[in-house]
Structures are given as C-alpha cells and as structure tokens.
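Following: one structure in structure tokens, then a few remarks.
Note that these values count all heavy atoms, side chains included, but never hydrogens, waters or copies made by symmetry. In what follows, every chain begins at residue 1, and chains take the letters A, B, ... in the order their sequences are listed.
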There are 2 protein chains.
Amino acid sequence: MDRQSSAALSEPSAASSDVADGRLDNFTRKLLSHSLLSTDDQRAILTLPFSLRLLGPNEYILREGEQARVCPLLLSGFAYRHKLVADGGRQIVALKIPGDPLDFQSLYLRRVDHNLQALTAVELAVVPLAALEKMAMERPAFARAVITDILVEASIGREWLVNIGRRNATARLAHFLCELVYRLNQTASPPADESDVPLTQEQLADLLGLTPVHINRTLKRLEEAGAVRRKGRRLKVADFAMLCRIADFSDLYLHRGNVG
Amino acid sequence: MDRQSSAALSEPSAASSDVADGRLDNFTRKLLSHSLLSTDDQRAILTLPFSLRLLGPNEYILREGEQARVCPLLLSGFAYRHKLVADGGRQIVALKIPGDPLDFQSLYLRRVDHNLQALTAVELAVVPLAALEKMAMERPAFARAVITDILVEASIGREWLVNIGRRNATARLAHFLCELVYRLNQTASPPADESDVPLTQEQLADLLGLTPVHINRTLKRLEEAGAVRRKGRRLKVADFAMLCRIADFSDLYLHRGNVG
DNA sequence: CGTGCGGTTGATGTAAATCAACCCATGTGG
DNA sequence: CCACATGGGTTGATTTACATCAACCGCACG
C-alpha cells in the first residue's frame, strides 16, 4: 500500500552529455543479448545524449495516462511496470533489470498504459526521444535491436500469462526465480547459483498473482527443499537446477542468442 | 484436448497475386485503428503479394520452436496463440480477429515461442517476409504501423495479466467480453450490443485461466444478470454497458485513435 | 440414426485467500 | 540511549473461490 509520491520525468534541462564515461555499457550489453550490432553501432550507442537521474525506492517513473517525451534507460537498480485494479489490488506486469530500456513504447504510442515505478534506488539515463529516433533512422541495426527488445519483452509477458494462468504457487514462484537468474546473467551460459532476489514478499505476490501470506509459505517450502536460502529479509537462489525442475523451465521464450 | 494435426505454412509456391480484389482491406483497417497512413500508403499495402490459404478449425498455423519465413494475415475467422505446460494444461495468450496480422514477430525473431492455431475456419493471406521488409523500408509510415501493432498486442497482453492475476471469475470473463466487443468494432465509437462470441467454454477457460465447468457456471450467472444471452451453443453479448461495469473496463490499453 | 462434442449440473475436495496476531530489525525522535 | 513507530516477515485458524470428479443431456453432424 505504499504508493509513493512521484518525481515525474521532464525533458532533460540541458542535454548534459555524461557520454564518455561508459554508463551505457549495460544497455549495449542488453541489446547484444538478442541482437547483432557492429562495433561501430555499439560505439554510436555509447554516444547517445542523456541526463542522469537518481530516484529512490518506490518513486514513480511514469504514470498511466501520461504522454512521455523521453526514454529512460535503467543503468542500475530495479524497476517494474504495474497496473492497479478497482478494488485496490495491483498486478506487476514486467520487471526491469539493470541495462533494460524502460520505455521504447513511447516512440510509437501517445499514451502510457501502465505505471512504471522504481523497485530499489535506481540510476536512469534519460534520453530524448528525438535522439533515439535519429539513431534509429541512421542505423538500421539499432532500429532492429529496439524492435527486438520490444518483442522479447512481449514474449516474457506471454510466459507470465502461462505462469499465472496455469501453474500452482510453487511452480509459479520457481519459474519466476529461474527467469530472474537467467536475465541477471546476460551470458548465454547456464548461470551461477546464489543470485540475490531484490523483491519483498509483497512485491512477489503482486507479480505472481498471489497474496503475501501465501508467498511466505511457498518460500518456506522452497527453502525446506533447499532451492532457496533466506537470511533475514534477503532472499537468494540456492539451487538453480532444482528450481528449473520444479518450474519445468525452458528458456526459449527469452530469445537469447537470437542472432546465433 | 483436441489438438489437431498441422498444416504447416510454407513459402507461397507461386506468389499468386490475388492483389486487386481488395482482400487486404481488413488488414489496412486494422492498422488504421491505431496508425496514420496516407492514402498512397494504403493503396500500396493493398498491393502486397500474398497467397491465399484456407484452414479448418483447430489447424495449426505455427508451432513453438519453428522458424517462420512468411507472415500470415488473418482475412477472416479467428485464431489464437497458446502455450502448453508440463501437466497438459494450456494457456491461450492472445486472440486474433479478422484483419489482424499473425506474425510480425518473425521479421525480427528467429524462433517462434508459442503455437498459433485456427479457432474457426480461417482465410489467411500469406505474405513473404521479404515483401514486408521491402515495404517497411520504402514506407516509414508502414514500418511505424507494424511496430505500433506489435506494441498494442503487447499492451493487451499486459491487461490480460491483470485480468488473470487480479480479477475474480465474473469480472475476468466480463472484461474479456468487453475487449472482444471493442476490438470487433474497429470504429472508435462505443460498440453495439449483440456481438457474437465464437469461443467454446473450454476455449474461454484456457484463455482466462479457469476450468470449463467454472466458465459454465459464471456464464450462467452473467446470463441471469442479463449481461449475456445464450441459445444453444451460441453466446452473445446482450448488455455491453453492464459488462463494462462488472469488469471495471477501461479501453485505454487498446490505444484506439492513437493518432487521432 | 447413432455418436460424440460441447454443455449442464451436483457433490466433494483443495489451493489459496482472508483474518488476526505477533515478531523482529531498523530507523527515528524525545 | 531508550521509547516507540514502522515495514517486512511469520504463523495459525478459518473461509472461500475455484478445481475436480462424475453423471447426464441434447444438438449437430456424418
């Protein structure tokens, strides 16, 4: 229930180019996880103009109904999209991790159809839409990468539908954790154990269509099975392979190495 | 449980141009529902080369894991995307209506991440990817429309997540019916009553994350309330306004008149 | 004219929600 | 430095929405 006050994003005051210091590495790597970019293209991306924004946990980045005129990239921290429903419930419909672009959509749609909120403290690179449009115009591979990124997010959304619609609480939670570990390890290789999960139990509930209480009990059972570990409020993935088995996880939908 | 045999789509044998007879009107109108296209662009779209395919109910159009080399457009009939889960359950993740493009995704992603199946008998216009790519290259407004279409489908997917994750059976069913009525009436005006719903109760169940039995009982209650009408196996929307109220429906996510 | 799919209905089971305490770590102000 | 407030988290008792199981029905169609 802690919907915090907003810090609406405006056009970057003076297009301060923190360009040179490689803050966009993250973003480039994300695009490379599913798209092919020449080293020239990659260098060009690193020169995109942006202004840096720091937001605290729970601050809003976009609100439903707004018209966005900039595109934030998530340099560090986590964020999520969510929608509210009449009776006060909310559903998280996407989780964004460091390197993810947060709003390519506003290049094409006038109105934002969901809320975008910081999960942890975040650093954003706020890029003017015009700069992105220009780069997409001049560099077809970049344009392709943008669309591919949109499509991969849509694919993840479809898998979430399956997850919420058809899997029980245990498999559902396990599946989400598998996806998170995969995504946090941008490399194509099966990822290491001990990934940290930065969500509270309430947030997990809002993401998985369950209640916090039930998340708690389900986590407990996963811990007893040895699949996760918890110390205090910190949640870690302990046995990735076991989680994959519980969730019947397949990573096809993430479209890793789409380019071969 | 009636997963029927496939009629996998291949490259159109001889690019038979049924061009002139306006079969792509549907498709153009769909794009116009969210995008701006000059009359010149519209004319050009109507000249896209395609070959006509007729499929019966339940025939597969695409299968998970395949590599598609053509893009089918749905001229008439209904189709749906779905994914299967380990225990035999399935989740429908998108419903496609006449005029909808069925696989822009394969322009950018190598592997199909879901199954695409005919719901009713369908007519498909199968367009070679190369022709679409060429047109997107030459006509930026068309390229924009393609991406916008992708984004609107993704937006609908997010709303489905909210629907399945957070609404009870009654509101969930009502919400889906509202969406269907809206989409079937491509005009921006609030649509008329008495729309026909072409899904069986089992399909509704697979789409809404419920069981057929529960769909049956929920439909019964909606009928008693006067929101829908049923004669035999035919289901109709009787009171659209009431359904909207039950579902707390807002059409923002459909991005109608995005250009208006 | 039978056969089967889709629909309908009732009885029963159960996963998850709800309600309600209480706990603990952390942070904050007196 | 303690008093207290606060936001997670944990746990048990109870309720409930939906699933499951099992018949049976009736139209459509081959």
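Toward the 5' end of DNA chain D, the nearer of the two residues A:Asn216 and A:Arg166, judged by each one's closest nucleotide, is A:Asn216. Between B:His214 and B:Arg233, the residue anchored nearer the 5' end of DNA chain D, judged by the nucleotide with its closest heavy atom, is B:His214. In terms of position on DNA chain C, the residue among B:Leu199 and A:Gly209 whose nearest nucleotide sits closer to the 5' end is B:Leu199.
Residue B:Arg217 places a side-chain atom within donor-acceptor reach of the base of D:dT20, judged by atom type and a 3.5 Å distance cut-off alone.
For B:Phe240 and B:Tyr182, the ring centers sit closer than 6.0 Å to each other.
For the pair A:Asp206 CG and D:dG9 C1', the computed distance is 15 Å after rounding to whole Å. Between the P atom of D:dT11 and the CD1 atom of A:Ile215 lies a distance of 15 Å, rounded to the nearest Å. Between A:Leu219 atom CG and D:dG8 atom P the separation is 15 Å, expressed in whole Å. Rounded to an integer number of Å, the gap from B:Glu202 CD to C:dG7 P is 9 Å. The CZ-P distance, from B:Arg172 to D:dC18, rounds to 7 Å in whole Å. Per the geometry, CZ belonging to B:Arg167 stands 21 Å off P belonging to C:dA16, to the nearest Å. Per the geometry, CD belonging to A:Glu224 stands 13 Å off C1' belonging to D:dT11, to the nearest Å. For B:Leu208 and D:dC18, the CG to P distance is 11 Å, given to the nearest whole Å.
A salt bridge links B:Arg158 and A:Asp113; the closest N-O separation between the charged side-chain nitrogens and carboxylate oxygens is under 4.0 Å.
For B:Ala169, counting side-chain heavy atoms from C-beta on, the closest listed nucleotide (D:dT20, D:dC18, D:dG9) is D:dC18. Set against C:dA16, D:dG8, C:dT9, the side chain of A:Asn168 has C:dA16 as its closest nucleotide. With D:dG9, C:dT18, D:dA19 as the choices, the nucleotide that has an atom nearest any side-chain atom of B:Thr211 turns out to be D:dA19.
OP1 or OP2 of D:dT10 lies within a sub-4.0 Å distance of a side-chain N or O belonging to A:Arg230. Checking the phosphate oxygens (OP1, OP2) of C:dG6, no side-chain nitrogen or oxygen of B:Gln203 falls inside 4.0 Å. Residue B:Gln201 has no polar side-chain atom (N or O) positioned under 4.0 Å from OP1 or OP2 of C:dC5. In terms of phosphate contacts, B:Lys220 brings no side-chain nitrogen or oxygen within less than 4.0 Å of OP1 or OP2 of C:dG7. Between B:Lys231 and D:dC27, a side-chain N or O to OP1/OP2 separation shorter than 4.0 Å is absent.
A:Gly99 and A:Lys30 make their closest contact through O-CB, 3.5 Å (heavy atoms, listed as atom of the first residue, atom of the second, distance).
No hydrogens or angles considered: nothing links the side chains of B:His82 and B:Asp206 as a donor-acceptor pair under 3.5 Å.
With hydrogens and angles ignored, the 3.5 Å screen pairs a side-chain donor or acceptor of A:Arg172 with a backbone N or O of A:Arg167.
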